[in-house]
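Read the structure below first, then the notes.
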Amino acid sequence: MTVVLLVGVTLTGLTRRMRLHLPLVGAAVASLGGAIFFAVQLGELYDLEAAGLITPIHLGLAKLTTALYLAPLLTGLATLRARGPARERLRPWHRAAAFLVLGLTVVTTVTGAWMILASTPLQ
């Protein structure tokens, strides 16, 4: 759901539809929080160490990606508050931060699925 919401965030951001973009950002962040909550619960049902090297890779990516969500949030707020030429200078930074986080979210999702599939369920 988080990835679907992020696609909506991306599309509305690229088309500058702020009235839809901003609520979708909030929904995506809330969805990310829910995804993390349920991922931790799911992880308790599996022997994640059995998955091997993918476990520390995924967990490192997950922490990095979560922290980097601040980049598009802060650049987005700065862009909204700026006026005139300053706003136009900030937009590319916001776009780059948003695409970075979107890409990392996809990679983190894939490595998380890989980790669970490679783990063994606990008895």
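Throughout, residue positions are numbered sequentially from 1 according to the sequence presented. Only heavy atoms go into these numbers, but all of them, side chains included; no hydrogens, no water, no symmetry mates.
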Practice prompt. For side-chain contact (heavy atoms from CB on, under 4.5 Å), just list the numbers for Arg16 and Arg91, CA-CA rounded to whole Å, side-chain angles, deciding distance to a tenth of an Å, and then say yes or no.
Written response: CA-CA 11 Å; Arg16 297 184 183 179; Arg91 275 197 174 115; 3.4 Å; yes
Practice prompt. Run the numbers on Leu122 and Leu45 for side-chain contact (heavy atoms from CB on, under 4.5 Å), then give the verdict.
Written response: CA-CA 6 Å; Leu122 296 173; Leu45 301 175; 5.9 Å; no
Worksheet item: What's the verdict on side-chain hydrogen bond (donor to acceptor under 3.5 Å, both in side chains) for Thr65 and Thr108, showing C-alpha distance, side-chain angles and the deciding distance?
Response: CA-CA 8 Å; Thr65 302; Thr108 302; 3.1 Å; yes
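Taking every heavy atom of both residues into account, Asp47 and Ser119 meet most closely at O-CB, 3.5 Å. Pairing each heavy atom of Leu5 with each of Ala27, the nearest pair is CD1-O, 3.5 Å. Nearest approach of Ala78 to Leu90, heavy atoms of both residues: O-CD1, 3.5 Å. Between His21 and Val9, the shortest heavy-atom distance links the atoms ND1-O, 2.9 Å. Considering every non-hydrogen atom in both Thr2 and Ala28, the closest pair reads CG2-O, 4.0 Å. Of all non-hydrogen atoms in Leu80 and Arg87, the two that sit nearest each other are O-NH2, 2.6 Å.
Arg89 is linked by a salt bridge (charged side-chain N to carboxylate O under 4.0 Å, His left out) to nothing, counting only residues two or more places apart in sequence or in another chain.
Applying side-chain contact (heavy atoms from CB on, under 4.5 Å) to His94 and the options Thr75, Leu77, Leu73 leaves one that passes, Thr75.
Residues Tyr46 and Trp114 share a hydrophobic cluster, clusters being chains of Ile/Leu/Val/Met/Phe/Trp/Tyr side chains in contact below 4.5 Å. If you chain together hydrophobic residues whose side chains sit under 4.5 Å apart, Val3 and Val101 never meet in one group. By the rule that hydrophobic residues join a cluster once side-chain heavy atoms approach within less than 4.5 Å of another member, Leu104 and Leu6 end up as members of one cluster. The hydrophobic clustering, which links ILVMFWY residues whose side-chain heavy atoms are closer than 4.5 Å, places Leu32 and Val107 together. Ile54 and Leu59 fall into different hydrophobic clusters, defined by Ile, Leu, Val, Met, Phe, Trp and Tyr side-chain heavy atoms under 4.5 Å apart, directly or through other members.
Leu24 CG to Arg19 CZ: the interatomic distance, rounded to the nearest 0.5 Å, is 14.5 Å. Atom CD of Glu88 and atom CZ of Arg83 lie 11.5 Å apart (nearest 0.5 Å).
If you chain together ILVMFWY residues whose side-chain heavy atoms come under 4.5 Å of each other, Leu11 ends up grouped with Val7.
In Met1, the CE atom is not crowded: 12 or fewer heavy atoms of neighbouring residues, nucleotides or ligands sit closer than 6.0 Å.
Looking at Arg95 and Leu14, their side chains come closer than 4.5 Å, going by heavy atoms from C-beta outward. Taking the side chain as every heavy atom from C-beta outward, Trp93 and Thr79 never approach each other to under 4.5 Å.
A distance-only check finds no donor-acceptor pair linking the side chain of Thr12 to the backbone of Arg17 [under 3.5 Å].
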